[in-house]
Amino acid sequence: MTPPPDGAHAESLTWLIEEFSAAGARRAGLKYLQGIGLWLPSGPNDFAIPDLSLLEADYRDAHVEKNYFAPHAFRLVLEITSSNWSDDLGVKVDCYAQAGIPVYLVADRRHDEAVLYTDPRSGEYRSRKAFKRGTSVPLPESIGISLELPVDRLLDGDEA
């Protein structure tokens, strides 16, 4: 059994929810949800459960099966690395790109940086940008809100 994420992981997610709220995500017709199922088109039983997702407010209309929703309802998915960090930086990059998720952000605590993937085409992200501590990640305005996220807070939660 995989051990649960640590406190900094939970603090980062709570902080992100506050940031999405302050940026007006709900007023922009978006929802921000933890642990919602993302149906992946790579197979009939393929799915992912990102740490946090920014979705269209009417995401329920994109229900595929069980508790999984079609990728077109997702504007951004975010993962904060834990013991399974290689999945977040490997297979999930490929899966999210193949699903056409417009923005994938990884708070990579293993390598002490945040990585922003954008512009998925032909099953891969065309843009990969890494951000070090002391900088901020500017989220693309195409997600529907304007927001810059300090890397230190993404990695450490409230410890930053």
Side-chain angles (χ1 to χ4, degrees), residues 2 4-26 28-40 47-57 59 62 67-120 124-133 135-160:
T2 303
D6 60 23
H9 186 280
E11 287 178 10
S12 292
L13 290 174
T14 299
W15 168 73
L16 283 161
I17 288 170
E18 293 168 352
E19 291 296 301
F20 283 131
S21 177
R26 290 204 185 266
L30 302 169
K31 299 259 179 145
Y32 33 91
L33 302 170
Q34 293 184 54
I36 188 163
L38 165 60
W39 180 79
L40 298 170
F47 64 92
I49 303 173
D51 288 330
L52 186 70
S53 300
L54 187 65
L55 300 103
E56 302 284 340
Y59 74 91
N67 295 319
Y68 313 127
F69 298 87
H72 71 268
F74 290 74
R75 298 254 185 117
L76 172 145
V77 296
L78 182 136
E79 300 282 2
I80 299 171
T81 60
S82 295
S83 59
N84 63 342
W85 62 270
S86 61
D87 288 346
D88 294 336
L89 298 169
V91 68
K92 288 183 182 180
V93 175
D94 295 336
C95 289
Y96 294 154
Q98 290 167 9
I101 301 301
V103 178
Y104 175 38
L105 178 59
V106 182
D108 180 3
R109 299 185 306 165
R110 171 87 175 182
H111 300 102
D112 213 31
E113 64 184 6
V115 183
L116 181 69
Y117 296 91
T118 58
D119 195 18
E124 61 184 44
Y125 284 108
R126 300 294 175 127
S127 176
R128 178 194 183 277
K129 294 180 183 170
F131 298 85
K132 296 291 183 190
R133 286 187 177 277
T135 66
S136 292
V137 179
L139 296 181
E141 290 190 17
S142 62
I143 64 170
I145 55 174
S146 180
L147 189 58
E148 287 198 19
L149 301 172
V151 172
D152 294 41
R153 293 291 301 267
L154 282 167
L155 297 173
D156 301 329
D158 284 338
E159 294 175 9

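In this text, all values refer to a predicted model and were calculated from it rather than measured experimentally. In this chain, numbering begins with 1 at the start of the sequence shown. Just so you know, these numbers use all the heavy atoms, side chains as well, and skip hydrogens, waters and symmetry mates.
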| task | Can you see which heavy atom on Ile145 is nearest to which on Ala25, and at what distance? | result | CG2-CA, 3.7 Å
| field | Pairwise salt bridge (charged side-chain N to carboxylate O under 4.0 Å, His left out) hits with a residue in residues 75-86, at least two apart | value | Glu56-Arg75, Glu79-Lys92
| task | Measure the acute angle between the ring planes of Tyr104 and Tyr96, then classify it against the limits of 30° and 60° as parallel, tilted or perpendicular. | result | perpendicular
| Pair Leu38-Ile101, side-chain contact (heavy atoms from CB on, under 4.5 Å): steps then yes or no | CA-CA 10 Å; Leu38 165 60; Ile101 301 301; 3.9 Å; yes
| said: Any side-chain to backbone donor/acceptor pair from Ser12 onto Leu154? Under 3.5 Å, distance only. | reply: yes
| request: Find the distance between CG (Leu52) and CD (Glu19) and round it off to the nearest 0.5 Å. | output: 12.0 Å
| said: Salt bridge check, Asp88 against Arg109: does any charged N sit closer than 4.0 Å to a carboxylate O? | reply: no
| note | One should read off an interatomic distance between Leu155 CG and Arg153 CZ, to the nearest 0.5 angstrom, of 11.5 Å
| In Å and rounded to the nearest 0.5 Å, what is the CG to NZ distance from Asp152 to Lys132? | 12.0 Å
| said: Working to the nearest 0.5 angstrom, can you tell me the gap between Glu148 CD and Thr135 OG1? | reply: 9.5 Å
| query | Should we count CG of Asn67 as having more than 12 external heavy atoms under 6.0 Å? | reply | no
| Derivation and outcome, side-chain contact (heavy atoms from CB on, under 4.5 Å), residues Leu105 and Leu149 | CA-CA 11 Å; Leu105 178 59; Leu149 301 172; 3.9 Å; yes
| Minimum heavy-atom distance between Asp156 and Glu11, given as atom pair plus value | O-OE1, 3.9 Å
| field | Polar side-chain atom of Thr118 near backbone of Arg126 as donor-acceptor pair, under 3.5 Å | value | no
| request: For Pro102 and Phe74, work out which heavy atoms get closest and say how close. | output: CD-O, 3.3 Å
| Can the positive tip of Arg26 be found less than 6.0 Å from the middle of the six-membered ring of Phe20, inside 45° of the ring normal? | no
| Which of parallel (below 30°), tilted (30 to 60°) and perpendicular (above 60°) describes Phe69 and Tyr59? | perpendicular
| remark: CG (Leu40) and CD (Gln98) are apart, to the nearest 0.5 Å, by 8.5 Å
| query | When rounded to the nearest 0.5 angstrom, what distance separates CD in Gln34 from CD1 in Ile17? | reply | 4.0 Å
| Of Leu116, Val115, Asp119, which meets side-chain contact (heavy atoms from CB on, under 4.5 Å) against Arg128? | Val115
| Chi angles and distances behind the side-chain contact (heavy atoms from CB on, under 4.5 Å) call for Lys31, Ile36 | CA-CA 11 Å; Lys31 299 259 179 145; Ile36 188 163; over 6 Å; no
| field | Test item: Trp39 and Pro71 side chains (from C-beta on) under 4.5 Å apart, heavy atoms | value | yes
| request: For residues Val151 and Phe131, report the shortest heavy-atom separation together with the two atoms involved. | output: CG2-CB, 3.6 Å
| request: For His9 and Asp51, work out which heavy atoms get closest and say how close. | output: NE2-OD2, 3.2 Å
| field | Residue pair Ala28 / Gly144: nearest heavy atoms and the distance that separates them | value | CB-O, 3.6 Å
| request: Please report the C-alpha distance between Ile80 and Leu13 in whole Å, then the side-chain angles of each, then the deciding distance to 0.1 Å, and finally whether the side-chain contact (heavy atoms from CB on, under 4.5 Å) criterion is met. | output: CA-CA 8 Å; Ile80 299 171; Leu13 290 174; 3.7 Å; yes
